[in-house]
Amino acid sequence: MKLENIKTPDLNIPLFEAAPGQFWCILGQNRSGIDSFFSLLSIDHAKIPGTEICLPKDMGIFSFAGQQEVFEQELKSDDTDFMDRLDPGTPARAFIHDPDQYTDMICAFGMDHVLEQGYRQLSTGQTRKLLLLSRISSGSQWLLIQSPFDGLDKAGCRQLDMALDHCRGCGMGILAFVYDPGDIPAGATHIAVIENGHMPFKGSRQEILPRLFELQGQANFSADINDLKPVKKTFSENALPGETPQTTELLRLEDGHAGYSGKPVFSHLNLCVAPGDHTLISGPNGCGKSTLLQVITGDHPACYRNSLWLFGIRRGTGESIWDLKKRMGIVSTDFHRNYRVAGSVLDCVMSGLYDTIGIYRRPGPEDEKKAMAWLERTSLSDKADSPFRTLSYADQRLALIARALIKLPDLLVLDEPTHGLDRANRNAVLDFLGQVAMEKLSTILYVSHREDEFRDFFVSHIRMGN
């Protein structure tokens, strides 16, 4: 693999070479040019004058965009409307080329027990591991992987490290793109750093690791929280029809349970969240964390089969989910995948005020002003008029975080919201959530695998899968 004299509007790289059997980690912050470099390697591109690009023909590519393509293909083939149950999707086994040949690796990934399940029955972490197995088993001699550890629990990260080391030992070349120095794979033999479109240093792991302290991240969320704070109503002013105004609970779940096709995902779960009970939810991939949040937000049919109260209202008693969602802000991988409408970044953020995916009414000047303040806060103001779907995955995620926070809802439901973000942006999001918690503007329900996201403003920690 050789790229020479790369000069594009956001890249200036004189030379990059990688040999078979090498394991390169490409490290860069969001908007550093790292995503452009990934795209240069992963998609068909026109000839760049004066540039020499020599790439392997059989590259196995794993990317956020590729995950989205699989998800949308699964939506197209969803036969739930013609069945008397949820369509589980394509069997996991079908994604792996000759699974009998890769039994050891499938077991190493902890995926042997889910091969007969459908794609839509898998957790986010499990789908990532499945698609990685699909690329590894395709016979490619090179792997190109974007943010490999996002969505994986600690065991999954260790499994992936061992699997990639095994692949390198078999002579495969690997390029893993990461946004955080803490995510550098254990088996990486070489490291290249991208900064402001340049590659200031690259070389062996032993040579580059000591120099990484030179990289300094700057938080993007710089505005004062008071610039964005709406006037909060009291609970009685915010009451919905049928709600008991004196309730102090935002959420109560008694003996909670959910599953797919008769197979339980979690059961016997009790959860009570009052205002200010900022709650962290952790646990291994597949234990039901995302499913739990879907039950709470009304995006899983089990919400009607559970003893579940939201804002004092028992689910299944004729309440409107849209009225309930007015008091929620939601960011999740599932919501991100489903945000597929045409519209600008500004429209995306403003849609949080209307609880819609997309804009279906003419926004007022105050709404636009508030949304622009959030775009300034997330360093996306220069992309306000850009189509949302043309943004990088990380910038899309920042826009969705701004969308969830624009109304500072009573209950802020965040399912691994920092996917695809570098350390500076991740810390900026968490620092802002700390401010939200301190000023009692919203109550946070937060799912994460990353221990560096376990902040002291969480007053409860639910460990699922035990």
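Hydrogens, waters and symmetry mates are skipped; everything else that's a heavy atom, side chains included, is used.
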Fill in: Inter- and intrachain pairs under side-chain hydrogen bond (donor to acceptor under 3.5 Å, both in side chains), touching residues 131-142, at least two apart
Ser138-Ser140
Worksheet item: Is there a side-chain contact between Asn30 and Tyr179 (heavy atoms, below 4.5 Å)?
Response: yes
Listing, residues 340-351 side-chain donor-acceptor contacts under 3.5 Å, not counting sequence neighbours, or none:
{"residue": "Ser344", "atom": "OG", "partner": "Leu346", "partner atom": "N", "Å": "3.4"}
{"residue": "Ser344", "atom": "OG", "partner": "Asp347", "partner atom": "N", "Å": "3.0"}
{"residue": "Ser344", "atom": "OG", "partner": "Asp347", "partner atom": "OD2", "Å": "3.3"}
{"residue": "Asp347", "atom": "OD2", "partner": "Ser344", "partner atom": "N", "Å": "3.4"}
{"residue": "Ser351", "atom": "OG", "partner": "Tyr339", "partner atom": "OH", "Å": "3.3"}
{"residue": "Ser351", "atom": "OG", "partner": "Cys348", "partner atom": "O", "Å": "2.6"}
{"residue": "Ser351", "atom": "OG", "partner": "Thr356", "partner atom": "O", "Å": "3.3"}
{"residue": "Ser351", "atom": "OG", "partner": "Arg403", "partner atom": "NE", "Å": "2.9"}

Worksheet item: Under 3.5 Å, is there a donor-acceptor pair linking the side chains of Asp299 and Thr297?
Response: yes
Worksheet item: Between the main-chain N or O of Thr279 and the side-chain N or O of Ser460, is there a donor-acceptor pair closer than 3.5 Å?
Response: no
Worksheet item: For Arg337, does its backbone N or O pair with a side-chain atom of Gln68 as donor and acceptor, under 3.5 Å?
Response: yes
Item to complete: Using only heavy-atom distances, determine whether the side chains of Glu69 and Gln73 contain a donor-acceptor pair under 3.5 Å.
Response: no
Discussion item. Quick one: does any side-chain atom of Glu74 pair with a main-chain N or O of Thr90 as donor and acceptor, under 3.5 Å?
Written reply: yes
Response to the item:
Distance col, row Leu391:CG vs Leu398:CG, nearest 0.5 angstrom, shows 9.0 Å
Discussion item. Taking the six-membered ring for Trp, are Phe64 and His419 closer than 6.0 Å centroid to centroid?
Written reply: no
Discussion item. With a 3.5 Å distance limit and no angle check, can you tell me whether Asp165 reaches the backbone of Asp161 through a side-chain donor-acceptor pair?
Written reply: no
Worksheet item: Taking the six-membered ring where the residue is Trp, are the ring centres of His336 and Tyr393 under 6.0 Å apart?
Response: yes
Discussion item. Working to the nearest 0.5 angstrom, can you tell me the gap between Lys326 NZ and Asp410 CG?
Written reply: 13.0 Å
Practice prompt. Take Arg455 and Asp431, measure what side chain to side chain contact (heavy atoms under 4.5 Å, CB included) needs, and give me the verdict at the end.
Written response: CA-CA 9 Å; Arg455 296 295 184 92; Asp431 288 345; 2.9 Å; yes
Practice prompt. Measure the spacing between NZ of Lys129 and CE of Met105 and express it to the nearest 0.5 Å.
Written response: 13.5 Å
Worksheet item: Quick one: are Val429 and Arg397 in side-chain contact, heavy atoms under 4.5 Å?
Response: no
